[in-house]
Amino acid sequence: QVQLMESGGGLVEPGGSLRLSCTASGVSLRDYAVGWFRQAPGKEREVVACISNSDGRTFYEDFVVGRFTISRDNAKNTLYLQMNRLEPEDTAVYYCAGSGRLYYDISDLYTERPYDYWGQGTLVTVSS
């Protein structure tokens with residue numbers, strides 16, 4: 001049984017940092033395309049960042065470029081999202097997702113469709 005579990009969310013002041021973790025069980029993340037998505041109140045879920053499983057390329061949505069970093073530790077079977085210079089607009093539930101299928105075009109990973117497995121989400125609130 002494949003499970004993804006996020007942790008690390010919480011309340012942070014604007015300009016602060018958080019690191020989200022996504023620990024996998026039942027699957028080796030090293031072989032998976034993985035991504036972080038978020039859903040703000042009243043909005044649709046959107047991609048934040050992802051890693052291709054064909055060549056290891058990463059993608060970041062424009063609103064997080066230079067502030068967020070996606071990475072994974074294969075030994076710990078864990079995916080991370082380091083979030084710096086957080087803004088109130090970053091307030092959302094953050095989800096990790098994974099797909100075991102091979103994608104050669106990283107743009108295929110920008111939507112929810114390719115992902116087979118999702119975590120339950122972790123809430124990030126940026127407020128003073």
Side-chain angles (χ1 to χ4, degrees):
Q1 182 180 1
V2 177
Q3 285 189 321
L4 303 179
M5 182 170 293
E6 302 95 339
S7 60
L11 174 64
V12 63
E13 292 186 350
S17 299
L18 282 176
R19 187 177 78 159
L20 304 183
S21 300
C22 172
T23 302
S25 59
V27 67
S28 177
L29 283 183
R30 73 171 71 223
D31 300 321
Y32 270 53
V34 289
W36 286 98
F37 287 73
R38 71 184 187 186
Q39 186 167 22
K43 295 187 177 181
E44 294 186 352
R45 192 153 56 181
E46 59 185 356
V47 67
V48 174
C50 56
I51 303 177
S52 166
N53 57 346
S54 62
D55 57 11
R57 287 172 58 199
T58 57
F59 163 81
Y60 296 91
E61 189 55 81
D62 286 345
F63 49 74
V64 303
V65 169
R67 300 189 298 126
F68 291 10
T69 303
I70 187 172
S71 64
R72 58 179 156 194
D73 185 330
N74 292 332
K76 295 182 179 180
N77 210 24
T78 299
L79 177 70
Y80 299 102
L81 184 68
Q82 177 66 44
M83 306 187 295
N84 299 327
R85 304 202 317 269
L86 283 160
E87 304 168 355
E89 293 74 21
D90 296 318
T91 294
V93 177
Y94 285 72
Y95 301 88
C96 64
S99 173
R101 286 166 286 180
L102 197 61
Y103 290 91
Y104 292 96
D105 186 346
I106 196 170
S107 67
D108 290 336
L109 299 174
Y110 298 172
T111 68
E112 298 182 36
R113 181 176 47 84
Y115 297 93
D116 303 307
Y117 305 106
W118 292 83
Q120 83 290 348
T122 186
L123 177 62
V124 172
T125 303
V126 185
S127 175
S128 54

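Being a predicted model, the structure only gives us computed values, none of them experimental.
Criterion: ILVMFWY side-chain heavy atoms under 4.5 Å apart, direct or through other members. Under it, Val12 and Met83 are part of a common hydrophobic cluster.
A donor-acceptor pair is defined here as one N or O able to donate and one able to accept, closer than 3.5 Å; no such pair exists between the side chain of Asn74 and the backbone of Asn77. A side-chain donor-acceptor contact under 3.5 Å links Glu6 to the backbone of Gly121. Panel note: side chain Ser127, backbone Thr125; no donor-acceptor pair is recorded below 3.5 Å.
Of all the heavy atoms in Leu18 and Gly8, the pair that sits closest is CD2-O, 3.8 Å. Closest heavy-atom contact between Leu4 and Ala24: CD2-CB, 3.6 Å. Here the shortest heavy-atom pairing between Arg101 and Arg113 reads NH2-O, 4.3 Å.
Taking the ring-ring contact (aromatic ring centres under 6.0 Å, His included) definition, one finds that Tyr94 meets it with nothing, sequence neighbours left out. Looking at residues two or more places apart in sequence or on another chain, you find no disulfide bond (SG atoms under 2.5 Å apart) involving Cys50. Residues that satisfy the side chain to side chain donor-acceptor pair (under 3.5 Å) test with Gln3, not counting sequence neighbours, are absent from this structure.
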Cut-off 3.5 Å, no hydrogens considered: what does the side-chain donor-acceptor table look like for residues 25-36, sequence neighbours left out?
unit_1	atom_1	unit_2	atom_2	d
Trp36	NE1	Tyr80	O	3.1

Could you tabulate the donor-acceptor pairs under 3.5 Å formed by side-chain atoms of residues 55-65, not counting sequence neighbours?
unit_1	atom_1	unit_2	atom_2	d
Asp55	OD1	Ser52	OG	3.3
Asp55	OD1	Arg57	N	3.0
Tyr60	OH	Ile70	N	2.9

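The shortest distance between side-chain heavy atoms of Val48 and Leu81 falls below 4.5 Å. Looking at heavy atoms from C-beta onward, Glu46 lies in side-chain contact with Arg38 at the 4.5 angstrom threshold. Using a 4.5 Å heavy-atom cutoff, the side chains of Thr23 and Lys76 are not in contact. Within the 4.5 Å cutoff, the side chain of Leu86 has no heavy atoms near those of the Thr91 side chain.
Hydrophobic cluster of Tyr104: the remaining members, joined at side-chain heavy-atom separations below 4.5 Å, are Leu102, listed by chain and number.
The cationic group of Arg45 lies under 6.0 Å from the six-membered ring centre of Tyr95 and within 45° of the ring axis, placing it in a cation-pi geometry.
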Given the rule in the side chain to side chain contact (heavy atoms under 4.5 Å, CB included) test, do Ile51 and Asn53 qualify, once you have shown the distances and angles that lead to the verdict?
-> CA-CA 7 Å; Ile51 303 177; Asn53 57 346; over 6 Å; no
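Side-chain atoms of Asn84 and Ser17 form a donor-acceptor pair, as typed in the model, at a separation below 3.5 Å.
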